[in-house]
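Each residue takes its place number in the sequence, starting with 1. As a basis for the values below, the full set of heavy atoms in this structure was taken, side chains included, without hydrogen atoms, waters or symmetry mates.
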Amino acid sequence: MSEHTFGQPRALGVGAFGEVGNRVFVLQITGDIETLTLKAEKTQLAALAEWLGSVVKSGGRPGHLPEDFAVTLPYDIAFVIGDIAVAHDEDDNVIDVRITSADESDETSFTLTPEVAGGLAIAITRAVEAGCPPCPLCGGPLDPRGHDCPRTNGFRPPIR
């Protein structure tokens, strides 16, 4: 297993690339020595943003939230995200993030301050919301070409 440990990263980036309905979501972590770009599912990043937001909110008002979470181009995907584990260290007031690849051959970890976590949550939310709206029945993305909703069980035409 290959492990990448960043401590507190120098920079973080989040972005979505491609056409709506067929976008690739990435999370980029930059340390002093390397930059790691990870491919993610939209739902994985949305869940991470929701969790980070709730932790930051529970800790009271944070300081200044950074706004620059741009992905450095060009990038190469290091691995596809499988599991994301997040823990709040209340003693040090930091958030520890551990990401494992989908095939479990790679792992990365880094630490966020509440301010960086809050800014990252906002950046992720903006990237996620810039795409397809969710289906009102199943929550899946509404593709501009149509949507075969599993909640209709084939009894209705695809939602457009």
Side-chain angles (χ1 to χ4, degrees), residues 4 6 8-31 35-59 61-88 94-104 106-152 158-160:
H4 310 271
F6 287 90
Q8 288 191 8
R10 265 193 316 110
L12 289 165
V14 64
F17 301 94
E19 295 179 20
V20 172
N22 195 23
R23 298 185 303 161
V24 173
F25 288 86
V26 297
L27 176 65
Q28 193 173 67
I29 307 121
T30 301
T35 296
L36 201 63
T37 304
L38 313 176
K39 181 179 176 185
E41 292 293 327
K42 177 180 179 177
T43 54
Q44 289 173 312
L45 290 180
L48 176 62
E50 184 177 334
W51 196 91
L52 292 174
S54 69
V55 170
V56 171
K57 186 177 179 181
S58 71
R61 186 174 176 91
H64 174 74
L65 302 180
E67 297 177 16
D68 184 15
F69 290 92
V71 173
T72 303
L73 301 174
Y75 63 84
D76 291 318
I77 301 291
F79 63 82
V80 176
I81 294 175
D83 292 326
I84 303 174
V86 190
H88 183 207
V94 294
I95 299 163
D96 296 315
V97 180
R98 180 170 297 279
I99 299 174
T100 306
S101 65
D103 63 4
E104 299 181 357
D106 290 292
E107 189 172 87
T108 186
S109 61
F110 53 94
T111 303
L112 304 173
T113 64
E115 292 78 16
V116 172
L120 180 61
I122 291 168
I124 290 172
T125 302
R126 286 181 180 152
V128 166
E129 289 180 351
C132 297
C135 171
L137 298 175
C138 71
L142 282 174
D143 190 301
R145 297 177 300 268
H147 168 69
D148 291 324
C149 179
R151 297 280 307 270
T152 63
I159 295 173
R160 302 220 185 266

Look up atom [atom1] in [X] and atom [atom2] in [Y], then write down how far apart they are to the nearest 0.5 Å.
X	Y	atom1	atom2	value
I95	W51	CD1	CH2	5.5 Å
F6	T108	CZ	OG1	4.5 Å
E129	I124	CD	CD1	12.0 Å

Heavy atoms only: give me the nearest [X]-[Y] pair and the separation to one decimal.
X	Y	answer
S101	F79	CB-CD1, 3.3 Å
G119	L65	N-CD2, 4.1 Å
L12	F110	CD2-CE1, 4.3 Å
G53	A121	N-CB, 4.1 Å
F25	A16	CE2-CB, 3.6 Å

Is there a side-chain contact between [X] and [Y], using heavy atoms and a 4.5 Å cut-off?
X	Y	value
V71	F17	yes
Q28	V14	no
H4	E107	no
T100	D106	no

Check residues 111-118 and write down every donor-acceptor pair under 3.5 Å in which the side-chain atom is one partner and the other belongs to a residue at least two apart or another chain.
{"unit_1": "T111", "atom_1": "OG1", "unit_2": "D96", "atom_2": "OD1", "d": "3.1"}
{"unit_1": "T113", "atom_1": "OG1", "unit_2": "V116", "atom_2": "N", "d": "3.2"}
{"unit_1": "E115", "atom_1": "OE2", "unit_2": "G63", "atom_2": "N", "d": "3.0"}

Just jot down the side-chain hydrogen bond (donor to acceptor under 3.5 Å, both in side chains) partners of [X], sequence neighbours excluded, or say none.
X	result
T35	T30
R126	none
D76	none

All side chain to side chain contact (heavy atoms under 4.5 Å, CB included) counterparts of [X], not counting sequence neighbours:
X	answer
I84	Q44, L48, I81, V86, V97, I99
I77	V26, T37, K39, Y75
A78	L36, L38
D68	A70

Mark yes when over 12 heavy atoms from residues, nucleotides or ligands other than E50 sit less than 6.0 Å from its CD; otherwise mark no. no
Using salt bridge (charged side-chain N to carboxylate O under 4.0 Å, His left out) as the criterion, list what pairs up with R10, not counting sequence neighbours. D32
